[in-house]
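To start, the structure itself, in structure tokens.
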Amino acid sequence: MNYRFQNLLGAPYRGGNATVIQNTQLISSVGNRVSITDLLKSQTVTLPFQSSSNIRRLAASPDGTFLLTVDENNRAQFVNIPARASLHRIHFKHGAVHAVQFSPDGKYIAVATGKLVEIWLSPGFKKEPFAFHLVRTLADCDATVTALEWSLDSKYLLVGSKDLTARLFLVERLSEGVMNKPYLFLGHRDTVVGCFFKYSKNSITPNKAYTVTRDGYIFSWGYGGSDGAGDVDKLQHDEPLSPGTPEKDGEETLSGGTESNVKKRKNHDMKGDDPSSKEYLHKGKWHLLRKDGLMQSPAKVSACDYHRVLDMVVVGFSSGVFGLYQMPDFVCIHLLSISREKITTAVFNEIGNWLTFGCAKLGQLLVWEWRSESYVLKQQGHYFDVNCLAYSPDSQLLATGADDNKVKVWTVSSGFCFVTFSEHTNAVTALHFMSNNHCLLSASLDGTVRAWDLFRYRNFRTFTTPSSRQFVSLAADESGEVICAGTLDSFEIFVWSMKTGRLLDVLSGHEGPVHGLMFSPTSAILASSSWDKTVRLWDIFEGKGAVETFSHTHDVLTVVYRPDGKQLACSTLDGQIHFWDPIDGSLMYTIEGRRDIAGGRLMTDRRSAANSTAGKCFTTLSYSADGSYILAGGNSKYICMYDIADQVLLRRFQITFNLSMDGVHDFLNSKKMTDAGPLDLIDDDDSDAEEGVDIQTRGKLGGDLPGATQNRGRPIIRTKSLRIAHTGRSFAAATTEGVLVYSVDESFIFDPTDLDIDVTPEAVNQALIENQPSRGLILSLRLNEDSLIKKCVFAVSPGDVATVVSSIPHRYLQRLIDVFADLLESCPHLEFILSWCQELCKAHGNSIQQQSRNLLPALKFLQKAITRIHQDLADTCSSNEYMLKYLCSTTTSK
């Protein structure tokens, strides 16, 4: 099966800055990937490419076509957003990148790398060997640059840095001999975290500026003109006069003028215009108009943004509080607390009615409408590792449980979490969907098994034991009447009645933690696996205890049934997968998987990945829908897919290439080894944890907390749970990165007409003349002209129907189904239209199922047309059949 990455759930935001394009498209970084959220449709997609490490900064072009991402290793990718493709790559080598911004005309990109500000020419659509061209480097800052702001005319750049100053640069180069030093805004007592231009009405030249400092002050600056700027320049250029030197009257008119005058005349001849006669903002005088304190001490400013049309500033603090201020009078409109942790990004949308906030540590992403004081988006991922997941029977919902004691239910098609259950008081270890699709079971280390109602979003039943136990596995029979849970501490299996909630039985016999539990799909036999090296089968309803025991040579980590109930698979600590016949009790196959899952060396490992024995085993298994292959994952960066009948490895998925994770490298760099240990594990005493521009990944976690990570906050890559959807079209993996969803269905079909093609009837006819029926059909669907759509449908030859249908974007399905239903009512070409309908269902069946509610009217219209034609044909055929029988009978009688 050709599974490809489709989406990333469970973590809407992990750090870095967020940006908004086209007013409703929110772009945020999730680890080393980029997520785009449509705020109107409430859908989120994760782009298919990956960076080499966690993404630190994002910047989008003004038209929303291009995106520049920069990761912690200062490696950047230039992305075409409509095509979801990475076009170019570049490595910034002069220091950590703390700010990136496109110029308003989209021609340049300003990159703050260390103490330098580099201005690059923005690449285009084409793939070139050297797409980035360095135009200029500004090297006047004395410390790390933290903030950038372009002027609307793309001529000036306002730069804030850690040297407690903001500088105003002229981007263009002046002629030789003319000073082009930046103007310095002084008086700050802490790092400048934000700097912004303000404009007068109908002007693109700034006349005011705002700077925001980390200690909670907003400075307002006003431009006072260029009076005296030429004198200042002259004093800076000319040699200082000796004391008592007499003035030389008419010096400029002398034919034998000074060398500086000769240079000035040369420059005048070359430029055709004297630069000293122009008015430049960086040569003028700027005055401090006012200094306003935000009064949130001891909290520091960690994020800020400015909307130039509304003249408003939004400021996020390290205490989780944000403030919205109307400038220039500094009127506080809102001052609210939205989180317990530091706000790491705060940004306006283009209109200015929505505010976006992100909290990296808790994985929160909020979009707030400040006028109505209501949430547009409120998403929070699991901020500890996801332990378990479960697909609903219709494969449209996905439930996740994690070490943060929460159960979340996600819509697979949209990627949104629509309900969170937080009644558990300890880590959630197992989940199970009931067959009715509306009830979810969860087991936890807090000693309870809870049943959740997905209609009313409440906990309607809680199963407990006489004495407190820690549950690590969960199962329910097909009828939904019996609930079973395995324990970590007492090695028992508890059985409850779903209807009454009473404890029915306690199954004893295992001598180790019961980590695997599953009912047979076709009978009432329960299979359990334990660390006591056995798999036991129990007849729950007969109460006979263990019916059969399968012994192994190593600890059994998990057990699963094949969907038809005729095979049992379990994984052991030595890296093997054993397949048993549960009816005969015989061993059918054994797969040796140690070499397949091996890979990845931790920073603390003394041995290489090839020689290490740690983690070379599978902790989770999942059968395919037809039972022909099995997915296996464990404490490794790989997920293995095996063919069961031939015991061969079909495919190996590498779940991430993120070097910010531990266990991704196969070989460690010996240059990073020091006497004190690996360089990456040595804490930097100079790092400031309160900096809003520092690395915003998961910080140090206490060792006594659930889900605590080792190695100075570097998460170790692993797969804790695998589940294949009941449709067999997708599977989900609970990894350290989040919940990765892979699918065989094409989740994205690029629409080339979304770019700059003129959508006209002439373009449709031209496409048909050039024998491009697919392009012509898409153009006609965009025009929404009924006659043109039908013309394009009939222009496709019967052999090309499948190819053309597969290229149709999902958003046009409803319109196309309506056209087919209308054609069936009036068109004589019945077989041709039915073949279109058949190929449409084959190519887009999964998308139609996921959008069933939106497509229901069109589907009913099509069903009605097909049913009516079927009835007419059935009547005609039966009439003809009777006529033929009559004719045959009369012929034989004669």
Side-chain angles (χ1 to χ4, degrees), residues 385-390 401 403 427-432 443 445 470-475 484-489 491-493 509-519 526-538 549-562 567-580 582 587-600 612-623 630-642 644 647 655 663 716-724 733-736:
D385 288 349
V386 178
N387 289 329
C388 52
L389 48 85
D403 281 337
V428 180
T429 55
L431 292 170
H432 182 80
L445 294 179
Q470 291 184 312
F471 295 116
V472 290
S473 56
L474 182 64
C484 298
T487 59
L488 179 67
D489 43 9
F491 316 147
E492 296 168 326
I493 301 172
H510 280 298
E511 299 174 1
V514 184
H515 266 271
L517 211 59
M518 189 174 185
F519 269 98
L526 175 69
S528 63
S529 65
S530 172
W531 292 0
D532 62 1
K533 305 179 183 179
T534 63
V535 171
R536 296 173 185 261
L537 302 183
W538 312 79
T549 301
F550 302 143
S551 298
H552 301 76
T553 56
H554 290 78
D555 296 0
V556 184
L557 303 178
T558 187
V559 63
V560 288
Y561 263 106
R562 200 167 68 181
Q567 194 179 80
L568 194 68
C570 60
S571 65
T572 53
L573 196 58
D574 59 347
Q576 293 186 345
I577 304 176
H578 301 272
F579 297 90
W580 297 86
L587 181 64
M588 302 174 65
Y589 311 109
T590 300
I591 293 178
E592 174 64 54
R594 293 187 63 191
R595 292 183 179 273
D596 299 330
I597 198 174
S612 174
T613 58
K616 291 187 177 181
C617 57
F618 300 107
T619 58
T620 177
L621 301 172
S622 183
Y623 269 102
I630 193 169
L631 282 175
N635 296 333
S636 168
K637 60 180 178 178
Y638 294 117
I639 296 174
C640 301
M641 178 187 290
Y642 291 100
I644 298 173
Q647 300 101 55
I655 55 182
I716 300 173
I717 192 65
R718 58 165 62 99
T719 303
K720 288 194 171 183
S721 182
L722 277 172
R723 290 293 180 270
I724 296 181
T735 69
T736 316

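We count residues from 1, following the sequence as given.
Looking at Tyr589 and Ile577, their side chains never come closer than 4.5 Å, going by heavy atoms from C-beta outward. Looking only at side-chain heavy atoms (C-beta outward), Arg718 and Asp385 come within less than 4.5 Å of each other. Within the 4.5 Å cutoff, no side-chain heavy atoms of Lys720 are placed close to those of Thr736. In this structure, Gln567 and Ile644 have side chains that are in contact, with non-hydrogen atoms separated by less than 4.5 Å. Counting heavy atoms from C-beta outward, Val556 and Phe550 have side chains that stay 4.5 Å or more apart. No side-chain heavy atom of Ser622 sits under 4.5 Å from any side-chain heavy atom of Val560. Side-chain contact between Val472 and Val514 is absent, with no heavy atoms from C-beta onward closer than 4.5 Å.
Scanning all heavy atoms of the two residues, the minimum distance from Trp538 to Ile493 falls at NE1-CD1, 3.7 Å. When all heavy atoms of Glu592 and Asp574 are compared, the pair lying nearest together is OE2-O, 4.0 Å. The two residues Tyr561 and Tyr623 have their closest heavy-atom pair at O-CD1, 3.3 Å. Between Leu526 and Cys484, the shortest heavy-atom distance links the atoms CD2-SG, 4.0 Å. Across Pro582 and Leu568, no two heavy atoms sit closer than the pair CD-N, 4.2 Å. For the pair Gly575 and Phe618, the tightest heavy-atom approach, listed with the atom from each and the gap, is O-CE1, 3.8 Å.
A distance of 7.0 Å separates CD1 in Ile597 from OG1 in Thr619, rounded to the nearest 0.5 Å. Interatomic distance, Cys617 SG to Arg594 CZ, rounded to the nearest 0.5 Å: 9.0 Å. Remark: Lys533 NZ to His554 NE2 distance equals 7.0 Å, nearest 0.5 Å. Interatomic distance, Lys616 NZ to Asp596 CG, rounded to the nearest 0.5 Å: 11.0 Å. Interatomic distance, OG1 of Thr590 versus CD of Gln576, reported as 6.0 Å (0.5 Å rounding).
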Criterion side chain to side chain contact (heavy atoms under 4.5 Å, CB included) on Leu557 and Leu573, from CA distance to verdict: CA-CA 7 Å; Leu557 303 178; Leu573 196 58; 4.2 Å; yes
Check against side chain to side chain contact (heavy atoms under 4.5 Å, CB included), Tyr642 and Leu631: CA-CA 7 Å; Tyr642 291 100; Leu631 282 175; over 6 Å; no
Check against side chain to side chain contact (heavy atoms under 4.5 Å, CB included), Thr620 and Arg723: CA-CA 9 Å; Thr620 177; Arg723 290 293 180 270; 4.1 Å; yes
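Side chain of Thr558 to main chain of Leu621: no donor-acceptor pair is present (N/O by atom type, distance under 3.5 Å, no hydrogens or angles). Checking side-chain atoms of Ser530 against main-chain N and O of Gly512 turns up a donor-acceptor pair under 3.5 Å. Between the side chain of Thr534 and the backbone N or O of Arg536 there is no donor-acceptor pair closer than 3.5 Å. The backbone N or O of Phe471 lies less than 3.5 Å from a partner atom in the side chain of Thr429, making a donor-acceptor pair. Panel note: side chain Ser529, backbone Val535; no donor-acceptor pair is recorded below 3.5 Å. Counting only distance, with no hydrogens or angles, the side chain of Ser473 and the backbone of Gly486 share a donor-acceptor pair below 3.5 Å.
The aromatic rings of His578 and His552 sit perpendicular, their planes meeting at an angle over 60°, well past the 30° parallel limit.
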